[in-house]
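Below: the structure, in structure tokens.
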Amino acid sequence: MIRFYNTLTKRKEEFIPIEDKIVKLYTCGPTVYDLAHIGNFRAYVFEDLLHRYLEYRGYKVIRVMNITDVDDKTINGAKSQGISLREYTDRYIKIFLEDMETLRLKKPDFLPRATEHINEMVELIKKLLEKGYAYYKDNSIYFSISKFSSYGKLSGIDLSQIKVGARVDTDEYEKEDVRDFVLWKSAKEKEVWWETEIGKGRPGWHIECSAMSMKYLGETFDIHTGGVDNIFPHHENEIAQSESATGKKFVNYWLHCAHLLVNGEKMSKSKGNFYTLRDLLNKGYNPVAIRYLLLSTHYRDPLNFTEKSLKQAENTVKNYNEFYQGLNICASRKYNPEIKKEIEKAKERFIKGLDDDLNISFALSSIFNLIKIVNIFFSKGEFGAENVKEVKEFIEEIDSVLCIIEKKEEFLPENILNLIKEREIARNKKDYKRADEIRNILKEKGIFLEDTPYGTRWKKITKT
RNA sequence: GGCCUGGUAGCCAAGCGGAAAGGCAGCGGUCUGCAAAACCGUUAUUCGCCGGUUCAAAUCCGGCCCAGGCCUCCA
């Protein structure tokens with residue numbers, strides 16, 4: 001039984017999808033005005049874990065990730081560079097997709113761009129106007145939150161507590177109630193706008209997610225995710241406009257991931273303490289270690305990112321891969337049935353952990369325990385050829401979720417194998433000079449040899 | 001000011017009422033031609049602080065301190 005902490009109900013709940021074995025998942029994506037930083041990627045890695053784990057548990061996942069390609073930041077960015085909005089956002093979308101691949105993030109089934117769904121948004125706004133939830137003011141259209149009685153149910157915000165006027169209202173548009181939010185912004189000079197049935201203008205921020213999620217997933221769907229900072233106002237507003245338009249519940253489970261801190265502080269440009277993925281790659285860090293680091297802390301806990309912890313993650317990933325790469329030697333002719341039992345136990349705990357609101361730490365500990373047990377059996381000479389295979393298969397199976405192993409060619413070419421044999425003979429003759437020579441030759445080729453009491457084991461290592 | 005998280009070894013991090021998981025790093029040892037790996041032992045008598053409830057609390061309750069988030073840009 002999978003359980004998730006649902007922001008809507010503020011407790012862990014059993015996950016039951018609307019349709020058996022199918023999960024409709026909407027994950028808030030990037031605003032493509034700049035490079036995403038690792039704080040953003042923390043959210044995307046969390047969403048990737050969710051996506052992959054649901055598939056591992058046998059669900060067919062239909063996932064949407066929106067791309068916000070029209071808002072103040074993208075418009076200003078394009079303007080300042082003197083290029084079209086499309087040209088500007090295309091560039092950052094391309095980079096984003098490359099970064100996703102670098103972090104081994106599974107591609108969502110749909111990556112809809114806001115600018116390609118203006119019609120859907122217009123239809124939705126029309127419906128809100130017809131039903132009286134929205135109103136015009138100076139050619140812009142606003143959502144009237146006083147018409148939606150359960151406004152605040154997601155964030156738990158108490159509207160009477162909002163300090164009206166405490167902040168400088170930077171919105172240049174007039175609205176009836178300062179707490180209302182804009183659905184459609186009237187066209188301004190030198191800005192992008194669309195000629196539509198509801199007027200000349202461009203969409204507000206929240207409407208795209210409602211329009212696109214409902215287009216691809218239906219009026220009610222299973223899971224919606226994002227960072228905690230999206231709870232209010234973004235997701236609160238999505239609920240208000242979607243449920244007002246359809247009269248149906250919008251989303252069953254809301255999952256939000258906590259923020260990433262850098263050296264214990266919030267990331268900010270003024271402090272200069274934020275990293276993009278590319279910053280870290282340029283410093284020589286292994287992208288898989290970045291993935292592992294972002295993955296290995298529970299998504300609802302704040303994650304304090306430091307280069308020290310990234311180095312630790314690199315070591316963990318390296319050790320883990322060396323264990324996996326070394327699975328090519330057996331210590332016994334006999335099959336050891338205990339290993340199969342240990343694998344089953346590890347698998348059970350892996351699932352138990354992740355079923356419980358994606359408790360990754362618990363799940364990972366089961367894997368590391370298994371590794372230790374396998375090593376013990378190996379050193380006791382109780383690890384047969386079939387055992388090698390079953391351990392390897394298990395590590396590969398769970399890697400559909402974790403994605404941290406380096407899959408390399410399983411076999412070595414004939415000439416390499418012959419060299420290893422030659423070295424064995426040399427060692428038996430105590431010709432250590434030749435033996436070390438061969439080990440060095442192979443090391444140059446990225447093949448690392450380890451002598452064990454049961455023969456020589458090889459590992460394909462990534463040169464650093 | 002209101003609301004919400006988190007504070008567990010050198011670092012990261014589970015556990016959330018009944019003998020302190022796991023990872024990284026360090027130290028000592030075993031094995032080894034040398035490497036490397038692995039294994040064993042060791043590193044928190046104690047879980048931010050102070051009270052309370054209980055036979056029993058890191059876990060529940062109250063107060064306090066610290067860090068972070070949200071309160072219409074934000075993953």
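Here is how names work: the chains are called A, B, and so on, in the same order as the sequence lines, proteins then strands, and each is numbered from 1.
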Using OP1 and OP2 only, check whether a side-chain N or O of N375(A) sits under 4.0 Å from C39(B). yes
Base, sugar-phosphate alone, or nothing: which one does T297(A) contact when heavy atoms must sit under 4.0 Å apart? sugar-phosphate
G7(B) to G17(B) separation - P atoms, rounded to the nearest Å: 15 Å
What is the pairing partner of A37(B), taking Watson-Crick or G-U wobble pairs with both distances under 3.5 Å in any strand? none
Would you indicate what N359(A) reaches in the nucleic acid, counting non-hydrogen atoms under 4.0 angstrom: base, sugar-phosphate, or nothing? sugar-phosphate
Counting only heavy atoms not in E98(A), do more than 12 sit closer than 6.0 Å to its CD atom? yes
Nucleotide opposite C47(B) in a Watson-Crick or G-U pair, distances under 3.5 Å: none
Considering only NZ, NE, NH1 and NH2 on the basic side and carboxylate oxygens on the acidic side, decide whether D48(A) and R104(A) come within less than 4.0 Å. no
Positions of residues 36-50 of chain A (non-hydrogen atom under 4.0 Å from RNA chain B), listed by number: H37(A), G39(A), N40(A), A43(A), Y44(A)
Strictly below 4.0 Å, N to O, side chains only: are D436(A) and R439(A) in salt-bridge contact? yes
Taking only residues two or more places apart in sequence or in another chain, which ones pass side-chain hydrogen bond (donor to acceptor under 3.5 Å, both in side chains) with D229(A)? H259(A)
Just to verify, what does D71(A) make a salt bridge (charged side-chain N to carboxylate O under 4.0 Å, His left out) with, not counting sequence neighbours? none
Taking only residues two or more places apart in sequence or in another chain, which ones pass salt bridge (charged side-chain N to carboxylate O under 4.0 Å, His left out) with K341(A)? E338(A)
Report the distance from atom CG of D357(A) to atom C1' of C16(B), rounded to the nearest whole Å. 14 Å
May I have the distance from L370(A) (atom CG) to C39(B) (atom P), rounded to whole angstrom? 12 Å
G51(B) to A9(B) separation - C1' atoms, rounded to the nearest Å: 26 Å
For the NZ atom on K389(A), are there more than 12 heavy atoms of other groups (residues, nucleotides or ligands in this structure) within a distance under 6.0 Å? no
Round to a whole Å and report the spacing from NE2 of H298(A) to C1' of C16(B). 13 Å
Pairs under 3.5 angstrom, nitrogen or oxygen only, protein versus nucleotides 22-25 of chain B, please.
| from | atom 1 | to | atom 2 | distance (Å) |
| --- | --- | --- | --- | --- |
| G23(B) | O2' | T316(A) | OG1 | 2.7 |
| G23(B) | N2 | Q312(A) | OE1 | 2.9 |
| C24(B) | OP1 | N319(A) | ND2 | 2.6 |
| C24(B) | O3' | N315(A) | ND2 | 3.4 |
| A25(B) | OP1 | N315(A) | ND2 | 3.4 |

In terms of side-chain geometry, is the basic nitrogen of E424(A) or R427(A) positioned less than 4.0 Å from the acidic oxygen of its partner? yes
Can you name the ring-ring contact (aromatic ring centres under 6.0 Å, His included) partners of Y133(A), sequence neighbours left out? none
My understanding is that only residues two or more places apart in sequence, or in another chain, count here; which of them pass side-chain hydrogen bond (donor to acceptor under 3.5 Å, both in side chains) with S210(A)? Q241(A), S242(A)
d(CG, L449(A); C1', G33(B)) in whole Å: 15 Å
Output yes when K73(A) and D34(A) qualify as a salt bridge under the 4.0 Å nitrogen-oxygen rule, no when they do not. no
With sequence neighbours left out, write down each residue that passes ring-ring contact (aromatic ring centres under 6.0 Å, His included) with H256(A), or none if nothing qualifies. H235(A)
With a 4.0 Å heavy-atom cut-off, tell me which residues in residues 92-101 of chain A come close to RNA chain B, sorted by residue number. none
Over how many whole Å does the gap from I145(A) atom CD1 to C71(B) atom C1' extend? 13 Å
V228(A) or Y432(A), whichever maps to the more 5' nucleotide of RNA chain B: Y432(A)
Side chain of D436(A), base of G33(B): donor and acceptor closer than 3.5 Å? yes
Provide, to the nearest angstrom, the distance between the CG atom belonging to D451(A) and the P atom belonging to A36(B). 12 Å
K147(A): what forms a salt bridge (charged side-chain N to carboxylate O under 4.0 Å, His left out) with it, not counting sequence neighbours? none
Residue pair P453(A)/S379(A) against RNA chain B: nearer the 5' end by closest nucleotide is P453(A)
For nucleotides G28(B) and U43(B), find the distance between their C1' atoms and express it as a whole number of Å. 11 Å
What nucleotide among G10(B), A37(B), C40(B) has an atom nearest to a side-chain atom of K308(A)? G10(B)
When you compare the protein's N or O atoms with those of nucleotides 4-9 of chain B, which come within less than 3.5 Å of each other, and at what distance?
none

Does the structure show a Watson-Crick or G-U wobble partner for A9(B), both distances under 3.5 Å? Name it, or say none. none
Any N230(A) side-chain nitrogen or oxygen under 4.0 Å from OP1 or OP2 of C70(B): no
Which whole-number value in Å describes the distance from F181(A) CZ to C71(B) C1'? 16 Å
Remember a base hit wins even if backbone is also touched, and classify R423(A) as base, sugar-phosphate or nothing at under 4.0 Å, heavy atoms. base
Residue pairs passing the side chain to side chain donor-acceptor pair (under 3.5 Å) test where at least one lies in residues 299-313 of chain A, sequence neighbours excluded: Y275(A)-E307(A), K283(A)-E307(A), Y285(A)-E307(A), Y299(A)-D357(A), R300(A)-D357(A), T306(A)-S309(A)
Taking the basic N atoms (NZ, or NE/NH1/NH2) and the acidic carboxylate oxygens, is any pair closer than 4.0 Å for E397(A) and K347(A)? yes
